Amino acid sequence: MSDRKLAVVILAAGKGTRMKSDLPKVLHPVAGRPMLQHVQASVAELAPAETVVVVASDMAAVEAAAAPSRCAVQSQPLGTGHAVAAAQQALQPLMDAAAVDVLVVFGDTPLLTAATLNRMVEARARPEAAEIYGLAFRPADPAQYGRIILDDDGRIEKIVEFADADSAQRRIGLCNAGIVIADGQRLFELLGRLGSDNAQGEYYLTDIFALARQDGRPAGVVECPVEEMLGVNSRADLALVEAVMQDRLRRRAMAEGATLIDPATVWLSADTRLGRDVTIHPSVFIGPRVSIGDGVEIRSFSHLEGAEVGAGAVLGPFARLRPGAEIGENAHVGNFVEIKNAQLSAGAKANHPSYLGDASVGPGANIGAGTITCNYDGFAKHRTAIGEGAFIGSNTALVAPVDVGSGAVVGAGSTIVRDVPEDAIAVARAVQQNNEGQAARSRARTQAEKDRQKG
Ligand code: UD1
Ligand code: CA
C-alpha cells in the first residue's frame with residue numbers, strides 16, 4: 001500500500017492568441033461548459049489531495065471559473081516548464097507533509113478522460129515505477145507536436161519540440177500529449193535546472209525528460225487514444241472538439257436508455273440528465289442545466305435550457321423552455337409555447353402559442369391559444385398564479401400580479417387585471433353589439449356612390 005498523495009496542476013496561463021477572442025481560451029465552452037471545467041471534472045474523478053490551476057496575472061475570469069480549485073499565477077508566459085514551476089509554492093505544504101505525485105495536465109484538452117489520467121497514476125504506483133511518466137499518442141498527422149524519442153529499453157531518451165526537431169526527428173510518429181506525472185520533489189528539482197536555449201526561448205516542461213535520462217533515471221511512457229488529445233488552439237479546433245464531445249454525450253444518452261431518432265441533429269450539454277425511455281426527435285437543442293424525467297417525448301425544433309421536465313411530459317414541436325421552467329408529470333407543452341421561470345403542474349396543458357413567464361399553473365389546468373402572462377411592467381417582474389383545473393380561454397392577457405382561482409374559467413379574449421375567485425367565470429372584454437342590417441345598408445350606399453361617379 002502506498003500512502004503517496006496526488007496533486008494536479010492544470011496549465012491555463014496561455015493567451016490562446018489563435019482563438020482571436022476577448023474570452024480566455026480555456027473559458028470557451030464545449031457542450032455548454034468551459035473547457036477548463038471539463039478538464040477539472042476528469043481530474044476530480046481521481047480525488048486528488050490538491051488541484052492548482054496556473055493562470056496568467058490578468059485572468060480573474062479564469063480564476064473565478066476555476067473555483068474551488070486553487071490558482072497560482074504565472075507572471076509571464078515563459079513556457080510550460082515555467083508554468084508548472086509557478087505552482088510549486090501552492091504545493092509545498094503538501095509536499096513537506098507527504099510523498100506527492102504531481103500530475104500536470106493542460107486546460108485546453110477537454111476530451112481527456114479520467115481513465116487515461118488513472119493509467120498515469122497507476123503507472124507511478126507500480127513497484128518498479130520510473131519517477132516520471134510522459135503521455136504519448138500517435139496522431140495520423142503528427143503536425144506540430146513534440147516528438148518522443150525512446151531508448152532501447154522503451155524509456156524516454158528525450159522529447160524534441162517540433163520547432164527544434166530535425167527532419168529525421170519530425171518523421172517520428174510518437175507524439176507528446178504534454179501530460180506528465182512525476183514525483184513532486186524530483187519534478188521541481190528538474191524544473192529548477194531548465195534552460196531556455198531553444199527555438200522558442202521558452203522553459204519547456206518537456207526538457208525534464210532529457211535531464212532525467214542524464215541523471216541515469218529515465219522516464220517511462222504511457223500511450224493514450226488520439227481522440228483524447230485533440231487540443232484547442234483555434235475556433236476550427238473548438239468545433240472539432242465539440243463534435244467529438246457531442247458524439248460522446250449522445251452515445252452516453254442512448255446507452256442509458258434514451259432514443260435519439262436522429263442523433264447527429266440533437267445537441268446536448270455536458271450536464272444534461274435524461275431519464276429512461278426518453279424520446280428525442282430530430283433537431284432538438286438542450287442547453288445547460290436541463291433535467292428530463294422518464295418517458296418524456298421531446299419533439300423537433302424544441303429549445304431547452306435551465307429546465308426540469310417531469311416524467312411522461314410531451315414537449316413541442318417548437319417548444320421553448322427557458323431557465324426556471326418546471327414542467328410537471330404528463331404535462332403538455334405545444335408548439336411556439338415559451339415558458340420562463342414558471343411551473344406547469346402535473347397534467348396541465350399549454351398546447352398552442354403562449355407565453356408563461358413568472359407564473360405557476362396548477363395541476364390539470366388548460367391554457368388556451370394566445371394566452372400571455374404580462375409579467376413585466378417596464379420596471380419589475382410580477383407573478384401570475386393559475387389554480388388547479390382552471391381554464392384560460394384563448395387570447396387572454398393576464399396582467400400580473402394576478403391570481404386565477406382553481407376551477408375558474410376565463411372567457412376568450414379577456415384582459416384580466418383583477419384576481420378571479422375559485423370556480424368563477426371571468427369575462428373582461430368589450431360587450432359585443434349587433435346592428436341588424438347595417439352591413440347591407442353600408443354596401444348599398446357605397447355601390448350607389450360608385451355608380452354616380454361613373455355615370
Ligand atoms: C505542448 C508540448 C508539446 C506537445 C503539445 C501537446 C511543451 C514545451 N510542448 O506544446 O511537446 O506535443 O503541448 O499539445 O510542453 N501554458 C502556460 N504557460 C506558458 C505556456 C503554456 O500556462 O507559459 C499552458 C497553455 O495555456 C496550455 C499548455 O500550457 O494549456 C500548453 O501550451 P501550448 O503553448 O499550447 O504548448 P504546445 O506548443 O501545444
Ligand atoms: Ca497546445
Side-chain angles (χ1 to χ4, degrees), residues 8-19 21 23-28 34-36 38-40 43 52-59 62-63 65-66 71-87 104-112 116 132 134-139 141-149 156 158-165 169-170 172-180 182 187 190-191 194-211 219 221 223-224 226-234 237-238 240-241:
V8 179
V9 177
I10 303 176
L11 300 189
K15 292 271 172 282
T17 352
R18 280 170 287 172
M19 295 296 283
S21 176
L23 189 67
K25 178 164 77 174
V26 295
L27 296 189
H28 279 262
M35 273 190 253
L36 175 63
H38 284 277
V39 175
Q40 285 177 300
V43 162
V52 177
V53 179
V54 178
V55 300
S57 44
D58 54 350
M59 285 186 171
V62 179
E63 289 191 46
C71 287
V73 175
Q74 183 193 17
S75 49
Q76 286 179 74
L78 299 180
T80 49
H82 183 261
V84 177
V104 179
V105 302
F106 293 170
D108 63 356
T109 51
L111 297 171
L112 189 65
T116 293
I132 306 172
L135 186 65
F137 68 125
R138 296 177 187 274
D141 172 17
Q144 314 266 312
Y145 291 109
R147 304 300 206 271
I148 301 184
I149 297 168
I156 297 177
K158 59 179 169 181
I159 296 182
V160 185
E161 287 307 290
F162 180 81
D164 302 287
Q169 289 167 333
R170 287 180 182 183
I172 294 172
L174 190 67
C175 290
N176 175 33
I179 289 162
V180 173
L187 175 68
L190 290 171
L191 288 175
L194 290 182
S196 58
D197 181 17
N198 53 52
Q200 302 181 83
E202 289 184 358
Y203 295 90
Y204 292 158
L205 172 60
T206 43
D207 280 350
I208 64 170
F209 293 93
L211 291 173
V221 67
E223 272 198 53
C224 79
V226 171
E227 177 200 281
E228 287 191 31
M229 290 325 304
L230 283 176
V232 175
N233 293 314
S234 64
D237 292 342
L238 185 65
L240 212 61
V241 163

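Note that this is a predicted model, so its numbers are computed, not measured. First listed ligand is number 1; within each ligand, the first listed atom is number 1.
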**Study point:** Part of A56 within contact of ligand 1 (heavy atoms, under 4.0 Å)
**Key:** neither

**Study point:** Distance in Å, I179 CD1 paired with E228 CD, rounded so as to fall on 0.5 Å steps
**Key:** 8.5 Å

Revision key, fill the gap. Heavy-atom nearest pair, Y145 first then F162, reads O-CB, 3.7 Å

Point to revise | Heavy-atom closest contact (V232 atom, M19 atom, distance) | key: CG1-SD, 3.9 Å

Practice item. Return a yes/no value for E161: is any of its N or O atoms, backbone included, closer than 3.5 angstrom to an N or O of ligand 1? Key: yes

Review point. Any side-chain heavy atom of I159 within less than 4.5 Å of one from Y204?
Key: no

Review point. Backbone or side chain, does any N or O of N176 fall under 3.5 Å from an N or O of ligand 1?
Key: yes

Check your understanding: More than 12 heavy atoms of other residues, nucleotides or ligands under 6.0 Å from CG of D197: is that the case?
Key -> no

Review point. Taking both backbone and side-chain atoms of V54, is any N or O found less than 3.5 Å from an N or O belonging to ligand 1?
Key: no

Point to revise | Side-chain heavy atoms of L211 within contact of L194, under 4.5 Å | key: yes

Review point. R18 side chain to S234 main-chain N or O, any donor-acceptor pair under 3.5 Å?
Key: no

Revision key, fill the gap. In ligand 1, the atoms that come under 4.0 Å of a heavy atom of A12 are 22 (O), 26 (O)

**Study point:** OG1 on T206 to CG on N176, rounded to 0.5 Å
**Key:** 6.5 Å

**Study point:** Atom indices of ligand 1 within 4.0 angstrom of G14 heavy atoms, with elements
**Key:** 16 (N), 17 (C), 22 (O), 25 (C), 26 (O)

Revision key, fill the gap. Looking only at heavy atoms, the pair that brings V55 and A13 closest together is C-CB, 3.6 Å

Revision key, fill the gap. Checking heavy atoms under 4.0 Å, the part of Q74 that sits near ligand 1 is side chain

Review point. How many angstroms lie between atom CG of L11 and atom CG of L205, to the nearest 0.5 angstrom?
Key: 7.5 Å

Practice item. May I ask which of F162, Y203, Y204, F106 has a heavy atom nearer to atom 1 (C) of ligand 1 than the others do? Key: F106

Exercise for review: Decide yes or no for V84 and V54: does some side-chain heavy atom of the first lie under 4.5 Å from some side-chain heavy atom of the second?
Suggested key: no

**Study point:** G79-ligand 1 polar pair, N/O distance under 3.5 Å
**Key:** yes

Point to revise | N or O contact, L11 vs ligand 1, cut-off under 3.5 Å | key: yes

Review point. By number and element, which atoms of ligand 1 are closer than 4.0 Å to a non-hydrogen atom of G107?
Key: 30 (O)

Check your understanding: Can you list the atoms of ligand 1 that are under 4.0 Å from a heavy atom of A83?
Key -> 17 (C), 18 (N), 22 (O)

Check your understanding: Considering distance alone, does some N or O of A13 sit under 3.5 Å from an N or O of ligand 1?
Key -> yes

Practice item. Could you check if a side-chain atom of S196 sits within less than 4.5 angstrom of a side-chain atom of L78, using non-hydrogen atoms only? Key: no

Review point. For ligand 1, which atoms sit closer than 4.0 Å to a heavy atom of P77?
Key: 23 (O)

Review point. So which bit of L78 gets within less than 4.0 Å of ligand 1, heavy atoms only: side chain, backbone, both or neither?
Key: backbone

**Study point:** Side chain, backbone, both or neither: C175 near ligand 1, heavy atoms under 4.0 Å
**Key:** neither

Exercise for review: Take L112 and M229 through the side chain to side chain contact (heavy atoms under 4.5 Å, CB included) test and state the conclusion after the steps.
Suggested key: CA-CA 6 Å; L112 189 65; M229 290 325 304; 3.9 Å; yes

Point to revise | M229 and ligand 1 - part of the residue with a heavy-atom distance under 4.0 Å | key: neither

Practice item. Heavy-atom contacts with A177 under 4.0 Å: which atoms of ligand 1 show up? List them by number with element. Key: 6 (C)

Revision key, fill the gap. Here the atoms of ligand 1 under 4.0 Å from any heavy atom belonging to G146 are 3 (C), 4 (C), 11 (O), 12 (O)

Check your understanding: Is any N or O atom of G178, backbone or side chain, closer than 3.5 Å to an N or O atom of ligand 1?
Key -> no

**Study point:** Any N/O pair T80/ligand 1 closer than 3.5 Å
**Key:** yes

